[in-house]
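Letters go in sequence order (proteins before strands), and every chain restarts at 1.
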Protein chains: 2
Amino acid sequence: MSDTDELLSIRAAELYYEENQTQDEIGVILRLTRWKVGRLLASAKANGFIRIEIVHPRARRLPIERRLRESTGLTDAIVVSSAGVSSDAELQSRTAQAAADYLTSLRPIPRTLGISWGRTLHDVSLHLKQGWAPGVNVVQINGGVSLNQRTGTAASTAVTIAHKADGSATLLPSPAIFERLETKQAMEADRTVAGVLALARNAQAYVFSAGQADAHSALVDSGYLTVAQIDDLVARGAVGDVVGRYIDANGRIVDPELNERTVGIQIDQLRRAPHTIAVISGHSKHAIARAVVRNGLCTVLVTDEDTANALLQEKDTP
Amino acid sequence: MSDTDELLSIRAAELYYEENQTQDEIGVILRLTRWKVGRLLASAKANGFIRIEIVHPRARRLPIERRLRESTGLTDAIVVSSAGVSSDAELQSRTAQAAADYLTSLRPIPRTLGISWGRTLHDVSLHLKQGWAPGVNVVQINGGVSLNQRTGTAASTAVTIAHKADGSATLLPSPAIFERLETKQAMEADRTVAGVLALARNAQAYVFSAGQADAHSALVDSGYLTVAQIDDLVARGAVGDVVGRYIDANGRIVDPELNERTVGIQIDQLRRAPHTIAVISGHSKHAIARAVVRNGLCTVLVTDEDTANALLQEKDTP
DNA sequence: GGGATTGTTGCTCATCTGAGCAGGGTGCAC
DNA sequence: GTGCACCCTGCTCAGATGAGCAACAATCCC
């Protein structure tokens, strides 16, 4: 396009979008036919001079969702807009809201819903509306009775989600990670626990988040792991954890021994499940989000615009 | 509007603006009639959820221009967009470009054009295109042979503008400010200089910028004033200078004695002229811009969005 | 210079969209 | 319960707009 045409397209855009003139009127002002004006406007759009943004906490980015689906093979992707967001916390709240919306719109309603625990899932539980999915049975898929702070967070998340669904919650009364393998095996042998785990394995849908591998991990906060242990895991390639299990960029378990002592469904069970919803948001979680998506650990991803763009960029230049 | 309607309007906006669906198609997806969709989109716009921005160096902000004209009585206002601008320098370049565009579009073409000098005017001269206004006679309206650096800037600005117009330049071969009043009067008595000044007083249109009153003023750079002198002027209410003369917020000369020693047309001559174009941009110039506009020192203002908004806000809360 | 190719222009026509209006439902006062 | 005012809905209709097309101009290659 010529230089003068570019300038004209800007003038036309000003009159069209800011002054609400019709293309006809603009034609009179700029001494052009209305068809020429229409073409100038189209070219202004095509050149990216016109930026349309939807500024709202509930706004999603459908084009990015589509590209994510196409480039990753996800069955669905929910991407919230990060327009006008100042903090990571706000972004994560938006993402949790979007996850709650997605869960609410699920059809058919899953009879059994497996969930993990953590700040994100807790956030999701708060955003759900009363009666969001009548009769769902919520089952915990990984251990998580806190050792110190946050007592009961895991249980309360599950209970809240179940309660708001007018359904029931099945809790997994177990720590996330045992010190000794024998204790963990004994625990799993218990009929009650075994029953919960069996239920978890057969859930129709899973919702889980993922943690970054650093000192701020929920597993550190809860006292299951030390910062030193995390550092060691990172040194061995860990990018984060899913249902309490640390994986590397290729989706492989970083520390098989530690993994054996971790209570809950296995990564492979998640990978094989037909409907797994990952809710991952925030700049510190780009790496683990990438690992989850790349290695097919989820079929649906709920995330923010920035994380989604990070995933897409990496796809473009593999 | 109800909460669900608000959410629906966002969903509709996503489909309409990001996915280019018709209102009819959106109606099918959201299970609404197309009229409802149309109303939701209108309400999304009305609520400010839809932000349309024209991202281009030459983009202007017509609604702000209109409000400026209405609230200040300017005959015209040119406001460049500051969308996507990182530095003040870029903003000033855009403003200079817009001033050049405005000058180029002037009809009838003024026979004599009075100009001041400075970084801004120099910038304008560079943005003008060859043949922008055939036959214009450009005349300097204030003195400005630099004492040290920037030698010839003032002259070269005038010559460049005239040259690009295929016209002639009449220079004012004089310092901006004299040390002694007697010298200045003797200079003005010189027939050549007197002729130039007479020509300047009778110009059909004027283009000038304005300087802020601080250590970065062009008059300090050029060696006419010391930082201490500026500080003194500021203490006496100066907000900046126009054609080398310092004024306060009410448009009054701050230091009459200094003013007497300054060569060029008077503030009052500018105020009485029917066509005076001020080009003022940048965050440091909000105060002087306000003084110029409030006190009728220009009939046309070329500025940036931020400065224009500053002017408007002050109007709203006087 | 001639011919082919590419891009531009002004048009017709079908579709999309907003303004205005009538009917029906809802809430409120009496 | 009845009447009234208000708002919301779905409609008609006219104006606005985009797709597609034929004529024309510009450019390039021979």
Side-chain angles (χ1 to χ4, degrees), chain A residues 1-56 58-63 65-67 101 105 129-131, chain B residues 1-56 58-63 65-66 101 104-105 129-131:
Chain A
M1 189 176 53
S2 83
D3 196 48
T4 57
D5 264 18
E6 180 170 321
L7 189 51
L8 274 177
S9 75
I10 296 302
R11 295 284 155 263
E14 288 160 359
L15 294 165
Y16 192 72
Y17 291 106
E18 302 196 327
E19 299 286 78
N20 295 314
Q21 309 246 26
T22 69
Q23 299 186 5
D24 233 352
E25 293 170 319
I26 296 170
V28 172
I29 294 171
L30 300 180
R31 295 160 198 283
L32 302 166
T33 61
R34 70 184 183 81
W35 297 283
K36 176 77 178 172
V37 173
R39 286 180 181 119
L40 285 173
L41 287 172
S43 79
K45 254 191 186 166
N47 285 322
F49 298 149
I50 313 297
R51 181 153 68 206
I52 301 183
E53 233 180 16
I54 303 173
V55 190
H56 194 280
R58 305 284 278 271
R60 281 165 51 186
R61 302 301 320 278
L62 305 187
E65 293 181 359
R66 182 153 28 78
R67 283 196 287 149
D101 288 347
S105 70
K129 281 237 173 65
Q130 192 62 42
Chain B
M1 191 175 52
S2 83
D3 197 49
T4 56
D5 264 19
E6 179 169 323
L7 188 52
L8 274 177
S9 75
I10 296 302
R11 295 284 155 263
E14 287 159 2
L15 294 164
Y16 192 73
Y17 291 106
E18 301 197 327
E19 299 286 78
N20 296 315
Q21 309 247 26
T22 69
Q23 299 185 3
D24 233 352
E25 292 170 318
I26 296 169
V28 172
I29 294 172
L30 300 180
R31 298 161 196 283
L32 302 166
T33 60
R34 70 184 181 80
W35 297 284
K36 177 77 178 171
V37 173
R39 286 178 182 122
L40 286 172
L41 288 171
S43 80
K45 254 190 186 167
N47 284 321
F49 298 149
I50 314 298
R51 181 154 71 207
I52 302 183
E53 232 178 19
I54 303 173
V55 190
H56 194 279
R58 306 285 277 269
R60 281 165 51 185
R61 302 303 319 277
L62 305 188
E65 294 181 357
R66 183 152 28 78
D101 289 347
T104 305
S105 69
K129 281 235 172 67
Q130 192 63 42

> Indicate the atoms forming the closest heavy-atom contact of A12(A) with V37(A), along with that distance.
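Taking every non-hydrogen atom into account, CB-CG1, 4.4 Å.
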> How long is the line joining CD of E25(B) and P of dT15(C), in whole Å?
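Rounded to the whole Å, the gap is 13 Å.
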> Just how far is it from atom CD1 of I52(B) to atom OH of Y16(A), taken to the nearest 0.5 Å?
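Those atoms lie 9.5 Å apart.
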> Which pairs with one or both residues in residues 31-41 of chain A pass side chain to side chain donor-acceptor pair (under 3.5 Å), sequence neighbours excluded?
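Pairs touching residues 31-41 of chain A that pass the test: D5(A)-K36(A).
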> Might you point out which heavy atoms bring I50(A) and A13(A) nearest each other, and give the distance in Å?
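Smallest interatomic distance, heavy atoms only, reads CD1-CB, 3.6 Å.
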> Output yes when at least one side-chain N/O atom of Q23(A) is less than 4.0 Å from OP1 or OP2 of dG18(D), else no.
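So the side chain of Q23(A) is within the cut-off, an N or O lying under 4.0 Å from OP1 or OP2 of dG18(D).
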> Nearest-Å distance, CG (L40(B)) to P (dT17(C))?
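Between P of dT17(C) and CG of L40(B): 14 Å.
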> Which residues in residues 11-22 of chain A have at least one heavy atom lying under 4.0 Å from any atom of DNA chain D?
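Correct list: Y16(A), T22(A).
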> For nucleotides 20-27 of chain D, give me one character per nucleotide, 5' to 3': B if any protein heavy atom sits under 4.0 Å from the base, S if the only such contacts are to the sugar-phosphate, - if neither.
B-------
> In whole Å, what is the span from the CZ atom of R34(A) to the P atom of dG15(D)?
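Rounded to whole Å, this separation is 13 Å.
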> Please report the distance, rounded to the nearest Å, between CG in D5(A) and C1' in dG7(C).
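For the pair D5(A) CG and dG7(C) C1', the rounded distance is 12 Å.
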> Are the side chains of R58(B) and D101(B) in contact, using a 4.5 Å heavy-atom criterion?
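The answer is yes; the side chains approach within 4.5 Å.
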> Looking only at heavy atoms, which two atoms of F49(A) and I10(A) are closest? And how far apart?
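Closest pair (atom of F49(A), atom of I10(A), distance): CD1-CD1, 3.7 Å.
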> Whole-Å distance between dT17(D) P and D24(B) CG?
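Rounding to the nearest Å, CG of D24(B) and P of dT17(D) are 18 Å apart.
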> Could you state the CZ-P distance from R31(A) to dT9(C), rounded to the nearest angstrom?
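Taking CZ of R31(A) and P of dT9(C), I get 17 Å after rounding.
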> Considering non-hydrogen atoms only, spot the tightest contact between P63(B) and E18(A) and give its length.
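In this case the closest contact between P63(B) and E18(A) is CD-OE1, 3.2 Å.
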> Taking L62(A)'s backbone N and O only, do any of them form a donor-acceptor pair with E14(B)'s side chain (distance below 3.5 Å, no angle check)?
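No.
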> From N47(B) CG over to K45(B) NZ, what is the distance, rounded to the nearest 0.5 angstrom?
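It is 13.0 Å, given to the nearest 0.5 Å.
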> dA16(D) P sits how many Å from L41(A) CG, rounded?
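It works out to 15 Å between those atoms.
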> Which whole-number value in Å describes the distance from I26(A) CD1 to dT17(D) P?
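Computing the I26(A):CD1 to dT17(D):P distance gives 8 Å.
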